[in-house]
Amino acid sequence: SMFYACFQATVSLAAPFFTVYMLRELKFSYLEFMCVTATSVLLHFTSLPTWGRISDAWGNRVIVVIAGALITTFPLLWLVSTNIWFIIGVQMLSGLCWSGFGLATTNFLYDTVPAEKRSQYLAFHNVLGAIAVCVGALVGGTLATTLPREFALGTYQFDWLTPLYGVFLISWLARVAVAALCFTRLREVREERTVPIGVLL
């Protein structure tokens, strides 16, 4: 739960501002914005059964580590291109990874907590996550309004399209730090089975 909350806080540094970035900075129409958003939601739900089979076969830790490692890269990918088709691709990958990450972290909790205390621990887990999201968004909002659009780094002068790029970079660094500290401490608690990859897909 502590890992999940810390990770959600780092994600929430940037997450509320992707919408602002698309509508205000990239000038996406509402139809374009809807398409970008819908691809993430579609991949999220359609990939859940496959993630469930992978979780049953190989455990949850492998999903948390792989999906979480990919999730750390998403803020950087938003800096690569402003092309809508590239962003749709990023959103598809995002929906796929968040689907597995959400399922695996929830399963971790179910596997770890005694059944008679599950409701209390789930409540604690969700409240802690919600607080982390709130704190992350507040910090991200402060950064978005205070970071400069132009700055110098040594002899290099940077002139960004938007100060939100700085928020995305800070979110990326924070995600990497939490992942590096926590991924190695996660231990699988359920018995794993070896299943051929073809059976899972």
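Values below: all heavy atoms of this structure, side chains included; hydrogens, waters and symmetry mates excluded. Since the structure is predicted, the reported quantities are computational estimates derived from the model, not experimental observations.
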Straight-line distance of [X] [atom1] to [Y] [atom2], nearest 0.5 Å:
X     : Y      : atom1 : atom2 : answer
Asn60 : Asn107 : CG    : CG    : 4.5 Å
Arg61 : Phe183 : CZ    : CZ    : 9.0 Å
Ile63 : Trp51  : CD1   : CH2   : 6.0 Å
Cys35 : Ile88  : SG    : CD1   : 6.0 Å
Tyr21 : Tyr165 : OH    : OH    : 3.0 Å
Leu13 : Leu169 : CG    : CG    : 12.0 Å

Would you mind reporting whether [Y] and [X] have side-chain heavy atoms less than 4.5 Å apart?
X     : Y      : result
Val64 : Phe3   : yes
Val20 : Thr162 : no
Leu23 : Phe33  : yes
Thr72 : Phe7   : yes

Quick one: do [X] and [Y] end up in the same hydrophobic cluster if we chain Ile, Leu, Val, Met, Phe, Trp and Tyr together by side-chain heavy atoms under 4.5 Å apart?
X      : Y      : answer
Leu79  : Val11  : yes
Ile170 : Trp172 : yes
Tyr110 : Met2   : no
Leu109 : Tyr4   : no
Trp85  : Phe74  : yes

Aromatic plane relationship, Trp78 with Phe18 - under 30° parallel, 30 to 60° tilted, over 60° perpendicular: parallel
Any donor and acceptor pair, going by atom type alone, linking the side chain of [X] with main-chain N or O of [Y] inside 3.5 Å?
X      : Y      : value
Thr105 : Gly102 : yes
Thr145 : Gly141 : yes
Thr73  : Ala69  : no
Thr112 : Phe108 : yes
Glu25  : Met22  : no
Ser12  : Ala15  : no

Which atom of Lys27 lies closest to which atom of Glu32, heavy atoms considered: O-OE1, 4.3 Å
Residue pair Ser47 / Ser99: nearest heavy atoms and the distance that separates them: OG-OG, 3.2 Å
List the atom pairs, donor and acceptor, that lie under 3.5 Å between side-chain atoms in residues 91-98 and the rest of the protein, sequence neighbours left out.
none

Inter- and intrachain pairs under side-chain hydrogen bond (donor to acceptor under 3.5 Å, both in side chains), touching residues 117-141, at least two apart: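 Passing the test, one end in residues 117-141: Ser1-His125.
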Candidate pair Thr37 and Met34, rule side-chain contact (heavy atoms from CB on, under 4.5 Å), full reasoning: CA-CA 5 Å; Thr37 305; Met34 181 184 70; 5.9 Å; no
side-chain contact (heavy atoms from CB on, under 4.5 Å) assessment of Leu48 paired with Leu103: CA-CA 8 Å; Leu48 274 173; Leu103 179 71; 4.2 Å; yes
Ring centre gap for Phe17 and Phe168 strictly below 6.0 Å: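 No, ring centres 6.0 Å or more apart.
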Phe86 atom CZ, neighbour heavy-atom count above 12 within 6.0 Å: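 Above 12, so yes.
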side-chain contact (heavy atoms from CB on, under 4.5 Å) between Ile66 and Val62, intermediate numbers included: CA-CA 6 Å; Ile66 293 174; Val62 65; 3.6 Å; yes
Side-chain donor-acceptor pairs of residues 173-180 under 3.5 Å, sequence neighbours excluded:
residue	atom	partner	partner atom	Å
Arg175	NE	Ser171	OG	3.0
Arg175	NH1	Ile71	O	2.8
Arg175	NH2	Ser171	OG	3.4

